[in-house]
Each structure stands twice: as C-alpha cells, then as structure tokens.
Amino acid sequence: MNNVLVTGGAGYIGSHVVKQLLEQTNTKVTILDNLSTGSKITLDTLKNIREYEFIKLDLKEFDEVELVLKNNSFDTIIHFAASIVVPESVENPLKYYMNNTVNTTNLINQAVKYNVSKFIFSSTAATYGEPINIPENGIDEDYSQNPINPYGMSKLMSERVLIDTAKVNESFKYVIFRYFNVAGADINYENKELAPRIGQSFPNATHLIKIASECACKKREQMAIFGDDYDTSDGTGVRDYIHIDDLADAHIKAIDYLKHNDSDIFNAGYGKGFSVKEVIECMKDSTKKDFKVSIEPRRLGDPATLISNNSKIKSKMGWTPKYDDLSLICQSAYAWENR
Ligand code: UDP
C-alpha cells in the first residue's frame, strides 16, 4: 500500500488528486496544508469519501515539517502547496521565491533525508515564458524555459533543485508536471449529472474560467478581457485549458509510473488553444447565460499564447484525457459555482 503525503491537499488541484486517491486506490493519504487558500469545507467533503490524516502546517515551519517526515514513512510526496497568481508574483516576488522555491527546497531536502523515494511536483507552463515561434504541435518539454514572471521562475528554480538532487540520489525519483491552464470541477464518476462535490474555492479568483463562471451565475456583474492586441487570431490571449479531473488522473498514474521508470518531466494539457474571447463565448453558450464583458489593458506578466505538445505524457505514461471538451469544462465550473 502506498503511503502518500499531499501538500496543498485542501487546495483546488490537490483536493481533486486526493479525491481520486481516496476513491480509486487504497493509498494511505496525509494532507498537509496551511489553509491559507485551501478549504476546510473541501476537507470535510473528502472525509465523506474515506479516512485520511490532516496536518495543518505551513511549509515554512522547517522543524515541524521535518517531524512530519520523520514520524511517517511516506514513500511518495505530491507537492502542490504554492502561491500561484501570476500578477501577484510580479508585485510581490519574494512571496513567490519564499513560498515556492525556498519551501520546496526544504521539502526536497527532508524527503531525501527520510527516504521518500518518489516526488511528484506541480510545475507550470509559465516556466516556458513568452514562447516565440511556437511549433505547430505546441510546446514540448524540451522547449527553452525563460519565465517572464516570478511565479514561473520560482517553479523553474524548484524544478532545478529536484533534477539536481535526483542526479546524486539514486533512490530518489521525481515526476515534474508542467500544467497548462487547469479549470472545471469534480466530475462525479457514477453520474455526471450530479453537482460537483469539490471545485475551486479560492476567494478573489483571478483565473479566466472561474471568473467567467462567477459572471454566468451572477456572483459578478461583469468581467474584463485583459488585452485584445496580442499577436493571436482575435487579439486575445490563447491558452490550453485542461479539465481538473484529467490532470488529477495524471498524478495517480505518476505514482505507479515511478515504480518502473526513471524520473521525467511531462506537459499536462490537451494540445489545443482557445482565446479569451472563445472561452467567454463558450461559457455563455454552454450555460445559456449572458453577461457584460469589457476590454481592458494587458495584465502584467501574461504571454500571448501557451499551448502544450502532450505527445510525451500520452505515449510514455499512457495518459488518455476523458474530458477534452471546453463546454464540459465550462459547465462543470459553472455547476460548482452555482451549487
Ligand atoms: N484573463 C482575462 N480576464 C480575466 C482573467 C484572465 O482576460 O478576468 C486572461 C489572461 O490575460 C490570460 C488568460 O485569460 O490571457 C488566462 O489567464 P488565467 O489567469 O486564467 O491563467 P494564467 O494563464 O495567467 O495562468
């Protein structure tokens, strides 16, 4: 039986991974979260699936973190806990370098010390920066990494710490996932018509599909498109949106993958891009709700286009997306918001 520590397990992506671990495997799960953005309600909902341990702790408490690793024989750490808002990282870079790079470095250090053999890390397409001459099939894992914001750089630095550490510690392996744009909410496996049990609870949302879903259910009166003068088909930013449950599934696969394979890096996306305008139209169409949209200036730190090449995760890990459908993503985000 696997014994897995999930940092940031009360957060958006972490909680969907925990949900799948509890539902689909017999893994022993421990969640470590400081609840700064994670949700207590989500933790309660997860308890209804199956028992797990919860430790309320900030990763900056190095001594406490060491005790947690010393007192549990984790074989795997799935590390989500991080700050994730691009514009905030531009305003407050040290928050990102401390929360993301420094705390991750300490966690890796403790993981090696206490014989954790597998480390699954949430990285980001933001490490690719502002891609120029994007290949027709999207950005692959070997594409150059030149982050244009501190968020992306804080994650790239953590990637490097992991890679260098694994080079000299044979029994320590990693999977790095570079997430593209994650959206949507829990699809109930037994009945897709049921309302999502968990979703994105982070207050003061900044992510596009979350904001559009808030508009569709009238929690917000209007929203803005940040820039319509990009070098894209309609002038608005283009991103590769992946459903949260497909992304979570990749993490479950990664645990087994590392039992039989070497450390590796995988893009997690669907390999196709939608513009901000297309996403907003899709939210309106798929929910049959209209709302006001204005055009505002570009947002700090935003690249024009980010689209993955996902051949590697499909061929090497055998990952097959189930929810590659923008309307389904929008509908599930809306269903969660409108619950
Ligand atoms: N965006 C927008 N209005 C919003 C939120 C986001 O126009 O209210 C745009 C943003 O400029 C980017 C895309 O939507 O081009 C995706 O942004 P998001 O914050 O969802 O994710 P990011 O790619 O920054 O991680």
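Read the numbers this way: they start at 1 and go in the same order the structure lists the ligands and their atoms.
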Would D234 and K277 satisfy salt bridge (charged side-chain N to carboxylate O under 4.0 Å, His left out), going step by step from the backbone distance to the final call?
-> CA-CA 8 Å; D234 64 16; K277 278 187 180 163; 5.5 Å; no
Could you say whether the N/O atoms of L208 and ligand 1 ever approach to under 3.5 Å?
-> yes
If you have a sec, work out which protein heavy atom is nearest atom 25 (O) of ligand 1 and how many Å separate them, to one decimal?
-> N181 ND2, 3.8 Å
Main-chain N/O of I313 paired to N267 side chain as donor or acceptor, under 3.5 Å | no
Considering only heavy atoms, does H207 approach ligand 1 within less than 4.0 Å through its side chain, its backbone, both, or neither?
-> both
Write out all pairs satisfying side chain to side chain donor-acceptor pair (under 3.5 Å) with one or both partners inside residues 7-16, taking only residues at least two apart or from two chains.
-> T7-H79
Side chain R298, main chain D228, donor-acceptor under 3.5 Å | no
Nearest-option assignment for atom 1 (N) of ligand 1, heavy atoms, candidates F274, Y230, F226 = F226
How close does the nearest protein non-hydrogen atom get to atom 19 (O) of ligand 1, and which residue and atom is it?
-> R299 NH2, 2.9 Å
How far is atom 5 (C) of ligand 1 from its nearest protein heavy atom, and which residue and atom name does that atom have?
-> T206 O, 3.4 Å
Counting N and O atoms only, with roles assigned by atom type, does the side chain of D33 sit under 3.5 Å from a partner on the main chain of L35, one being a donor and the other an acceptor?
-> yes
Between H207 (side chain) and I209 (backbone), is there a donor-acceptor pair under 3.5 Å?
-> no
When you measure from atom 12 (C) of ligand 1 to every protein heavy atom, which one gives the shortest distance, and what is it?
-> R239 NH2, 3.8 Å
Take E53 and K28, measure what salt bridge (charged side-chain N to carboxylate O under 4.0 Å, His left out) needs, and give me the verdict at the end.
-> CA-CA 8 Å; E53 292 292 318; K28 180 172 186 301; 5.2 Å; no
Between Y143 and Y128, how do the two ring planes meet: parallel, tilted or perpendicular, split at 30° and 60°?
-> perpendicular
Would you mind listing which atoms of ligand 1 come within a distance below 4.0 Å of any non-hydrogen atom of I225?
-> 7 (O)
Does I209 approach ligand 1 within less than 4.0 angstrom via side chain, backbone, both or neither, non-hydrogen atoms only?
-> neither
Once the angle between the rings of F177 and F266 is folded into 0 to 90°, is it parallel (under 30°), tilted (30 to 60°) or perpendicular (over 60°)?
-> tilted
Of the side chain and backbone of Y241, name the one, both, or neither that has a heavy atom under 4.0 Å from an atom of ligand 1.
-> side chain
Ranked by distance from atom 10 (C) of ligand 1, the top protein heavy atom is D302 OD2, 3.4 Å
Any chance you could measure K259, atom NZ, to K118, atom NZ, to the nearest 0.5 Å?
-> 6.0 Å
Determine, considering heavy atoms only, which of L300, I211, L306 sits nearest to atom 8 (O) of ligand 1.
-> I211
Numbered atoms and elements of ligand 1 in range of G237, under 4.0 angstrom, heavy atoms = 15 (O)
Please say whether A224 places an N or O atom under 3.5 Å from an N or O atom belonging to ligand 1.
-> yes
Taking both backbone and side-chain atoms of V276, is any N or O found less than 3.5 Å from an N or O belonging to ligand 1?
-> no
